[in-house]
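Here's the structure we're looking at; comments come further down.
In this text, all values refer to a predicted model and were calculated from it rather than measured experimentally.
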Amino acid sequence: MANQDLVYDITKVPDLQVEQQAIYGRVGDGGLKAVTVKVLSNRYDYDLTGLSVRFEGVKPDGTHIIDANGGTVLDPQAGVFRYVFPAQTFTAKGVYNQAFFKIMRGDQTDSTIEVRVEVAPNRVEFGINSVSYLSEYQELINKITDKEEAFEEGLVKRAKDLSDRMDTLQSRLDANDFVNRVEYGEHLEDMKKHALLDVGSYKETD
């Protein structure tokens, strides 16, 4: 995994900042590009205990990225964290309009100075689309999609079960295996009851 070591003083005071490196990538990179960041406050280690880290930026094409999943605090008392960039970080060539790391505790936030991110073009690979990426929103979409797929799979399974029951009943009728009206009605009520229970159980999981 490619890694760069960076140091930022959280005060944002220009005179307290060490010489900054740009973060370089190529269109199509992601998942194997990381930075290890040391955070200072007035040149002293900044305690990251109980804090989380996210990366926020506006890509060269104007699309946004807000990622809360890539950061891992390695040494909280020393103020060190690692951040691994997702694929959408490097999808538009050029220099980011703005980028920074945000330090968070609930609704309380602070951030580093501007981080320069440069993305080189990729003239070999095609179909790399740049879109806005918000990790928390994407997680919600994935959760909803998973529930919808599970619900649809359950309905298909139940429909097949009901179809098999009807086929069995029809086979008995075709074979002159006597089925009276009461028994037929009981079969139908049983199938309706199971279908309603199955649909209800999926609604409860929403």
Side-chain angles (χ1 to χ4, degrees), residues 1-122 128-145:
M1 179 178 289
N3 182 76
Q4 286 181 252
D5 293 316
L6 305 172
V7 180
Y8 301 108
D9 197 295
I10 201 71
T11 63
K12 304 181 187 67
V13 176
D15 291 342
L16 295 179
Q17 306 301 324
V18 300
E19 185 177 353
Q20 301 301 317
Q21 296 181 27
I23 297 171
Y24 296 94
R26 184 182 304 281
V27 171
D29 289 349
L32 291 176
K33 176 71 175 177
V35 291
T36 300
V37 180
K38 184 173 180 62
V39 185
L40 303 173
S41 179
N42 287 300
R43 296 199 173 113
Y44 292 98
D45 293 344
Y46 183 81
D47 193 349
L48 293 173
T49 302
L51 303 180
S52 60
V53 179
R54 67 170 59 186
F55 174 75
E56 301 189 6
V58 181
K59 292 183 277 184
D61 62 352
T63 57
H64 293 69
I65 178 167
I66 301 177
D67 178 45
N69 294 333
T72 302
V73 177
L74 301 178
D75 189 341
Q77 293 184 339
V80 179
F81 70 86
R82 174 173 295 143
Y83 180 78
V84 180
F85 295 96
Q88 269 300 322
T89 310
F90 305 108
T91 51
K93 67 178 180 179
V95 179
Y96 265 54
N97 296 315
Q98 185 179 42
F100 51 85
F101 293 102
K102 181 173 282 190
I103 313 296
M104 304 186 67
R105 179 190 286 114
D107 294 332
Q108 300 173 322
T109 66
D110 206 341
S111 59
T112 67
I113 62 171
E114 303 292 299
V115 177
R116 184 177 176 84
V117 181
E118 297 186 20
V119 185
N122 184 338
I128 301 174
N129 298 318
S130 179
V131 297
S132 289
Y133 176 81
L134 288 74
S135 61
E136 294 173 349
Y137 177 74
Q138 189 60 47
E139 287 177 358
L140 179 61
I141 292 298
N142 292 341
K143 185 176 180 181
I144 293 173
T145 300

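- Minimum heavy-atom separation, Phe85 to Val35: CE1-CG1, 3.8 Å.
- Each salt bridge (charged side-chain N to carboxylate O under 4.0 Å, His left out) pair with one or both residues in residues 72-99, not counting sequence neighbours, would appear here, but there are none.
- Listed by first and then second residue, the salt bridge (charged side-chain N to carboxylate O under 4.0 Å, His left out) pairs involving residues 28-50 are Lys38-Asp45 (not counting sequence neighbours).
- Tyr96 approaches Val58 most closely through the heavy-atom pair CD2-O, 3.4 Å.
- Listed by chain and residue number, Ala22, Tyr24, Val95, Arg116 satisfy the side-chain contact (heavy atoms from CB on, under 4.5 Å) test with Glu118 (two or more places apart in sequence, or in another chain).
- Annotation: side chain of Phe90 is not in contact with side chain of Ile128 (no heavy-atom distance under 4.5 Å).
- Heavy-atom minimum distance, Ile103 versus Val53: CD1-CG2, 4.1 Å.
- Using bins of under 30°, 30° to 60° and over 60° for the plane-to-plane angle, the ring pair Phe81/Phe101 lands in the perpendicular bin.
- The two residues Pro121 and Val27 have their closest heavy-atom pair at CA-CG2, 4.2 Å.
- Using a 4.5 Å heavy-atom threshold, the side chains of Phe100 and Thr112 count as touching.
- Smallest separation of non-hydrogen atoms from Ser41 and Asp9: CA-OD1, 3.7 Å.
- In this structure, the side-chain contact (heavy atoms from CB on, under 4.5 Å) partners of Ser52, at least two apart in sequence or on a different chain, are Met104.
- Each side-chain hydrogen bond (donor to acceptor under 3.5 Å, both in side chains) pair with one or both residues in residues 57-68, not counting sequence neighbours, appears once here: Lys59-Thr63, Lys59-Gln88, Lys59-Thr91, Lys59-Ser130, Asp61-Thr63, Asp61-Ser130, Thr63-Ser130, Asp67-Tyr83.
- Closest heavy-atom contact between Val84 and Gly31: CG1-O, 3.6 Å.
- Screening residues 106-115 for salt bridge (charged side-chain N to carboxylate O under 4.0 Å, His left out) gives Lys12-Asp110 as the qualifying pairs, with residues at least two apart or on separate chains.
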Q. Does the pair Phe55 and Thr89 meet the rule for a side chain to side chain contact (heavy atoms under 4.5 Å, CB included), with working shown?
A. CA-CA 10 Å; Phe55 174 75; Thr89 310; 4.2 Å; yes
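- In this structure, Leu51 and Val73 have side chains that are not in contact, with every pair of non-hydrogen atoms separated by 4.5 Å or more.
- Here the rule is side chain to side chain contact (heavy atoms under 4.5 Å, CB included) with Leu6, and of Ile23, Val18, Thr36 only Ile23 fits it.
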